[in-house]
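What follows is a short report on a single structure.
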Amino acid sequence: MDEHTEFENQRVTRRGSLLKLGGLLAALGGGGGVVASQSEGAGPAGVASGAVSCVLTPELTEGPYYVAGEKVRRNITEGRPGAALRLRLAVVNASTCKPIKGAAVDVWHCDALGAYSGVQGSSGTFMRGIQRTDAKGVALFDTVYPGWYQGRTVHIHVKVHVGGRVVHTGQLFFPDATTDAVYRRSPYSRRGARDMRNANDSIFVNGGSRSMLKVSKSGSGYVASIVMGVTRS
Ligand code: FE
């Protein structure tokens with residue numbers, strides 16, 4: 001999957017939201033690289049202390065494997081094997097911290113053996129799907145823990161659409177220690193060791209630490225959550 005790697009490496013984009021972020025930061029007097037709420041403990045210090053969760057989630061390249069018009073469905077596995085993963089993706093307005101209801105959250109990732117569907121001679125639509133956020137701003141997916149492909153750390157691609165517009169394009173990451181534990185199990189263990197971890201990944205270094213999923217065990221599987229702060233206008 002060299003092509004994918006190369007393509008993603010050269011296309012670290014900072015479109016849209018980051019331009020807006022620049023404007024907002026200017027209005028706030030700059031600094032920090034985050035947009036926080038106006039509540040007590042706001043600003044970069046509030047983010048660092050965990051008091052503020054509605055930071056603007058960094059824009060990261062969508063890569064070459066996006067397919068438009070995916071199916072609206074919660075379970076995206078199409079029966080493919082892997083460690084069960086429930087994704088709990090919340091969308092909030094980065095400037096007000098309020099949940100955004102009815103946003104379309106679009107996810108895609110490779111299967112447990114590192115293959116994407118619908119590209120490079122691979123058929124099908126597995127590991128791709130769209131869900132709408134509920135009143136709490138939450139979209140749920142049932143999938144499997146992603147595998148890996150050459151040159152990239154483990155990730156899930158995400159796009160958020162509000163009112164027909166893309167308001168966020170990003171990638172979500174996993175704690176390396178959790179991935180190590182998952183990859184000791186079948187079917188992941190059928191492959192050799194992965195060749196990239198978060199710290200050295202060319203996309204992760206552009207803000208990936210703010211796109212880390214919070215992952216916990218749930219039975220024989222995992223639940224992974226994140227709050228994504230987006231700008232609407
Ligand atoms: Fe990818």
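Counting starts at 1 for both ligands and their atoms, in listed order. Throughout, numbering of the chain's residues begins at 1 and tracks the sequence.
Ring geometry for H155 against Y149 counts as perpendicular: the plane angle is over 60°, on a 0 to 90° scale with 30° as the lower cut. The aromatic rings of Y145 and F174 sit tilted relative to each other, their planes meeting at an angle between 30° and 60°.
Tested against D111, the residues R191, R80, R128 include a single salt bridge (Lys or Arg N to Asp or Glu O under 4.0 Å) partner, R80.
Checked by atom type, the side-chain pair T57/H168 shows no donor-acceptor distance below 3.5 Å.
In summary, an N, O or S atom of Y116 is located under 2.8 Å from the Fe ion (ligand 1). H157 lies close to the Fe ion (ligand 1), since one of its N, O or S atoms is found at a distance under 2.8 Å.
Put simply, the angle at the Fe ion (ligand 1) from NE2 in H155 to OH in Y149 is close to 90°, to the nearest 10°.
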